[in-house]
Protein chains: 2
Amino acid sequence: MADGTTRDHIVKAADELFYRQGYEHTSFAHIADAVGISRGNFYHHFKTKDDILGAVIVERLANTREMLAQWESSNEHPFDRIRAFIHILIANRTEIMRHGCPVGTLCAELAKLEHASQAAANELFTLFRGWLGRQFTLLGREAEADALAMHLLASSQGVATLANTFRDTAFVEREVERMGAWLAAEVPQH
Amino acid sequence: MADGTTRDHIVKAADELFYRQGYEHTSFAHIADAVGISRGNFYHHFKTKDDILGAVIVERLANTREMLAQWESSNEHPFDRIRAFIHILIANRTEIMRHGCPVGTLCAELAKLEHASQAAANELFTLFRGWLGRQFTLLGREAEADALAMHLLASSQGVATLANTFRDTAFVEREVERMGAWLAAEVPQH
DNA sequence: GACATTTTAGGACGATTGTCCTAGTGAATT
DNA sequence: AATTCACTAGGACAATCGTCCTAAAATGTC
C-alpha cells in the first residue's frame, strides 16, 4: 500500500477510473494513460484486468476497515458515530452527485456482469452493515441492530442514487436531516 | 409497439438484456442471438446502438406512463395508489434481487458513461416523482408533496440496491412494511 | 566492474466491438 | 408478368479489447 511504487499507482488510478466511469468501461489504455506507463507493462504487475479489480477491492476494504476501526476506537458516543456515517453523504456529496456511491455502483455493476469479484465487493457493504449493527447494539437496540443497520444503509443508498440522477444538493441535505431525526427517534435515550 | 414486427422484437430483447446485463455489456451479437436475426440486419432498423437504447427508453417511458395513468384514473384512494407503488418492490422482488431496479441501474450506468440518453432515462424517475407528488397533493400535503415523493423514491431505490446485493427476501418485506408505516404516519387522515 | 534480477516499452496476437456495404429474397403494387 | 420496395443474410471494415511475448533499460548484488 506504500505510495510510490508503480503497482500502487496502477491501483490508485484504476480505483478512481472504476468509480468515475465504471469497471467494464475502463480499459487498460485508460489506466495506462492515467498512470503514464505503457500498456504492455501491466502484465508484470497484474496478470489480468480482474486482478486489478481484485486489488482495488482489497484496497477499498482495507481503507474502509481502517476508517471504521478509527471511528470505533474513538471515545465518541455510538450515537455520534452513526451521525458521522450519515454525514458521509454531506462530506462526499459532490462526488456522489457526479458518480453515485462508490460501493453501491460497483456492486450493482458487478452483479450485472455476474463477475467473480461480486462477493468481495459485497463485503464492503457487509463491513458497514456490521459496524452499524454494533453501534446500535451499544445503543441498547441489540435485538433489531442488524435491521436498523440495513435500513440506514438502504436510506443512504437511495439518497446516493437519486442525488446522482437529479444532482440536487438541497435534496441530499434534506434527507440527511431526516435520517438524523429518524436516528434520534429510534435511539431517544442517548 | 405492436408485437410481431422485427423492430419490436429487437427493442424487447434489448430491453431485457440491457436490464439483465447492462447496456454497455450487451452487444449486437447478444441481441441478434436473442431475436434470431443476423447482425447485419440491424442497420435497416437502427442506425446505431445508441438508437436502440433510445427506442428502449421510449418504450419504457410509454409503459410507465400508461401504468401510472391507469393507477391515477382508477377510483382508488391516493393512499392506496401509493401503497401500490410501494408494493412494486414485493411484486418484482425476484427480478430486483437478481438485477436491481430497472430504472435506477440504467440511470446509474448511463451517468458513468456520460451517455447522451442520460436525460431521457432520468425522465423515468421524473415520471414516478411527479406521479407520487400528485398523490401526496391529493392527500393534502401539497406543500411537501415533492419532498415526500423524493423520499419515497429514495427509499425504494435503497431497498432495491441492498436487495440486489444481499438477496434477502425478508429484508425487502421488512422495509416495505416500514414504508407502509411511514406513509400511514405521514398521511394519518386517510 | 561483472553479473543477475526487476522493471519497462513497444508491439504482436486473436477475438470482439459497432458500423456499414452489397447481394439477394420475398411480397406487394402496377 | 414486370417492377418496385421493404427486408434480410453474410461478411468486410477499422478500431479497440484483454492478453502475452520479447528485448532493452534500470536497478541491485557480489
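We name chains A, B, ... by the order of the sequence lines, and we start the count at 1 in each one.
Between Leu53(A) atom CG and dG18(D) atom P there is a gap of 12 Å when expressed in whole angstrom units. The distance from atom CZ of Phe42(B) to atom P of dC20(C) is 15 Å, rounded to the nearest whole Å. For Tyr43(B) and dT8(D), the OH to C1' distance is 16 Å, given to the nearest whole Å. Whole-Å rounding puts the Phe28(A) CZ to dC20(D) C1' distance at 11 Å. Taking atom NZ on Lys49(A) and atom P on dC20(D), their separation rounds to 15 Å, with Å as the unit. Atom pair His30(B):NE2 and dA15(C):P shows a separation of 17 Å (rounding to whole Å applied). If you take NE2 of His9(A) and P of dT8(C), they are 11 Å apart, rounded to a whole angstrom. For the pair Leu17(A) CG and dG18(D) C1', the computed distance is 16 Å after rounding to whole Å.
Nearest to the side-chain atoms of Thr48(B) among the listed nucleotides dC17(D), dG10(D), dT19(C) stands dT19(C). Here the nucleotide nearest the side chain of Ser27(A), chosen from dT19(C), dT19(D), dC17(D), is dC17(D). Checking dA9(D), dG18(D), dT8(C) against every side-chain atom of His45(A), the shortest atom distance belongs to dT8(C).
The aromatic ring centres of Phe171(B) and Phe166(B) sit 6.0 Å or more apart. With ring centers used as reference points, His25(B) lies 6.0 Å or more from Phe18(B).
Mapping Asn41(A) and His44(B) onto DNA chain D by nearest heavy atom places His44(B) closer to the 5' end of the strand. Map Arg39(A) and Ala29(A) each onto its nearest nucleotide of DNA chain D; the residue landing nearer the 5' end is Ala29(A).
A sub-4.0 Å separation between OP1 or OP2 of dT8(D) and a side-chain N or O of Thr6(B) is present.
Residues Arg174(A) and Glu177(A) are not paired through a salt bridge, judged by the lack of any N-O separation under 4.0 Å between the basic side chain and the carboxylate.
Lys47(B) places none of its side-chain heavy atoms less than 4.5 Å from the side chain of Phe42(B).
Summarising the local packing, CD of Glu72(A) is surrounded by more than 12 heavy atoms from other residues, nucleotides or ligands at distances under 6.0 Å.
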